[in-house]
Amino acid sequence: MAYQDDMDDLEEYPVGVRLRILAAQVKASANLVTWCFVNNGDTFFSTGVHEKEFLSFFKLGKCFDFLYEKNENWDRPVVLSDHLGMIWLAENADPIRGESKEMEVDGKTVEKNERMLVVIGPLFLGSSSVKKIEESLKKSGLSIYMQRQMMRTLAEVPVISMAAVYQYAKTLHHTLTSQNIQISDLIYQNEETRMLLSGELPETSASYQSMDRVVQVEKQILQAVRDGNLDYKQILEQTSGYWTGMISNTGDSLRDGKNSMIIFTALVSRAAMEGGLAVSTAKELELSYISEAEGCGTITRLRLLMDHMLDDFVHKVRESTANPLISRTTQECCDYIRANVQKPLTVEEIAKEMGYTTYYFTKKFYKEMGIKVSDYIKQARVEYAKIALMTTKRSIEEISESLHFGSRSYFSKVFRSIVGVTPAVYRENVGREIKE
């Protein structure tokens, strides 16, 4: 049935049309998948790419058992959670809620007496740590190859705020019934799911961290930056929920993540300056990472960028305090190179920028840094390339051209000599770095 100009109310359309509208809306707004199941769980249609994988999570998490074994007519949204901490929303659309004939959805037909279950998900609230997910996958009995494939798939699951989950539940119910519903009317798979959504889980639970705890972790991390303490990673490993606490929960998880990243980068930059890093260096790094954050397309890429940002600042602080023999001029030269890696840098131009002759400058730089200027430029460009490979979908050739390597083969050769693997292998192993 096509949309009609004289049909202004949603309830005037068949449920099949409403479901298509709902599926398109949740897909466009948060990349959420909509499922329709008929009879006792046969997949009628879904809008997901990884249908087989996500359906297995749904079943392994006993979500299917809860919905079908109870044999209830779910006339309100049901909130479910699987063993990985993913959230799902479900509600019945039967017996097609007053339809007088069979229902058509996505070109397929459902008899009017058939039971149809509509499900939205999966999604993360942002509270399930990567380590927790990895442990759950290990217990599932899957091969190592399948576990890695699953981790890559799970990286695409959207992270949604609690407020947004409630709004999607209300939208689902209104789509099926044209009626409004209160949050208190929702049905939960179990008490833990209800507490997870309401934020009532105790602080000892892996699913929840109080804001006081987040503030304490933040202080520890910033102090590690001031000290140039390379052990900061141990703090992050022990507090895997820190990133969750940073998200402001306004509904747009990606925008929230970017805002959090920007704020945190500014805090880290200030801590680095307090630790002795030159103001100009800290500000250049800050602006560079903020720009990179704005270009990230997923929460996962933001997390990778945050990890790299922290590592960069900590090492810079450590270098500035551990190498007192490096002159301010040489330090400014290093800062200039890192800030201009996408420009066609030459030793002659850098020497002129620093106010020295090429001969004197190259001798001075090598004496203080123990490396040639040209080699330092290559290292700086490779470090930038690593960020681009982790946080963007740009091709290797595009990254090579932007960093003025001349050719992809030469870029790969330099990259491998510094990193130990080619750019292609490095990008392929990003999923492994996420878990670590």
Side-chain angles (χ1 to χ4, degrees), residues 9-27 29-30 32-38 40-41 44 47 58 61-82 85-99 103 105 110 114-127 158-202 205 207-208 249-253:
D9 296 327
L10 185 63
E11 62 183 353
E12 295 177 353
Y13 289 95
V15 174
V17 175
R18 302 185 207 176
L19 286 177
R20 287 199 294 272
I21 295 174
L22 174 69
Q25 288 177 331
V26 299
K27 188 74 172 179
S29 63
L32 280 169
V33 178
T34 301
W35 308 72
C36 283
F37 301 100
V38 294
N40 291 318
F44 188 64
T47 59
F58 192 58
K62 305 299 182 182
C63 298
F64 245 113
D65 295 344
F66 178 83
L67 292 171
Y68 283 100
E69 288 183 1
K70 285 184 175 293
N71 197 29
E72 294 190 24
N73 180 16
W74 303 110
D75 58 355
R76 292 174 290 160
V78 183
V79 185
L80 309 107
S81 60
D82 60 30
M86 292 190 291
I87 299 296
W88 309 73
L89 301 173
E91 186 172 354
N92 275 333
D94 68 331
I96 321 301
R97 294 267 167 84
E99 297 288 333
M103 182 179 70
V105 181
V110 184
E114 281 190 283
R115 178 187 181 185
M116 170 172 277
L117 183 69
V118 182
V119 176
I120 296 177
L123 61 91
F124 280 122
L125 287 176
S127 53
V159 180
I160 309 295
S161 69
M162 290 183 291
V165 172
Y166 288 133
Q167 290 302 317
Y168 285 121
K170 294 167 72 174
T171 301
L172 172 62
H173 185 72
H174 189 271
T175 298
L176 296 175
T177 67
S178 300
Q179 298 174 359
N180 295 325
I181 193 173
Q182 301 299 317
I183 293 176
S184 58
D185 294 325
L186 300 182
I187 302 169
Y188 297 91
Q189 180 180 4
N190 48 46
E191 183 64 11
E192 184 179 355
T193 303
R194 186 196 69 77
M195 295 176 72
L196 178 63
L197 262 291
S198 60
E200 297 177 9
L201 285 180
S205 170
S207 301
Y208 177 76
N249 291 331
T250 63
D252 184 343
S253 59

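Position 1 is the first residue of the sequence, and the numbers go up from there. The figures that follow rest on heavy atoms only: side chains count, while hydrogens, waters and symmetry mates do not.
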Correct closest heavy-atom pair for H173 and D75 would be CE1-O, 3.2 Å

Judged by atom type as modelled, is there a donor-acceptor pair below 3.5 Å linking the side chain of R76 to the main-chain atoms of L186? no

By side chain to side chain donor-acceptor pair (under 3.5 Å) - contacts of D65 (at least two apart): none

Identify, with sequence neighbours excluded, every residue that meets side chain to side chain contact (heavy atoms under 4.5 Å, CB included) alongside T171. L22, T175

What about the rings of Y68 and F37, do their centers lie closer together than 6.0 Å? no

dist S81:OG -> M86:CE (nearest 0.5 Å) comes out at 10.5 Å

If we only count heavy atoms from C-beta on, is the L67 to W74 side-chain gap below 4.5 Å? yes

Would you say E91 and L176 make side-chain contact, with heavy atoms under 4.5 Å? yes

Between W88 and P122, what is the shortest heavy-atom contact and its length? CZ2-CB, 3.5 Å

With heavy-atom distances below 4.5 Å as the criterion, would you say the side chains of L19 and M116 are in contact? yes

State, yes or no, whether a side-chain contact exists between Y168 and L32 at a heavy-atom distance under 4.5 Å. yes

Interatomic spacing from CD1 in I120 to CD1 in I87 - rounded to 0.5 Å: 13.5 Å

Over 12 non-hydrogen atoms of neighbours within 6.0 angstrom of NZ in K62: no

Which residue, L89, L172, T34, I21, forms the side chain to side chain contact (heavy atoms under 4.5 Å, CB included) with V26? T34

Report the distance from atom CG of N180 to atom NZ of K170, rounding to the nearest 0.5 Å. 7.5 Å

Decide whether Q179 and H174 meet the rule of one side-chain donor and one side-chain acceptor closer than 3.5 Å. no

Between Y188 and F66 the two heavy atoms that sit nearest each other are O-CZ, 3.9 Å

Please examine the side chains of W35 and T47, heavy atoms only from C-beta on, and report whether any two atoms are closer than 4.5 Å. no

Ignoring hydrogens, what is the shortest heavy-atom contact between A30 and P158? Give both atom names and the distance. O-CB, 3.2 Å

Is there a side-chain contact between P77 and I181, using heavy atoms and a 4.5 Å cut-off? yes

Show the nearest heavy-atom pair for residues R18 and T177, with the distance to one decimal. NH1-N, 4.1 Å

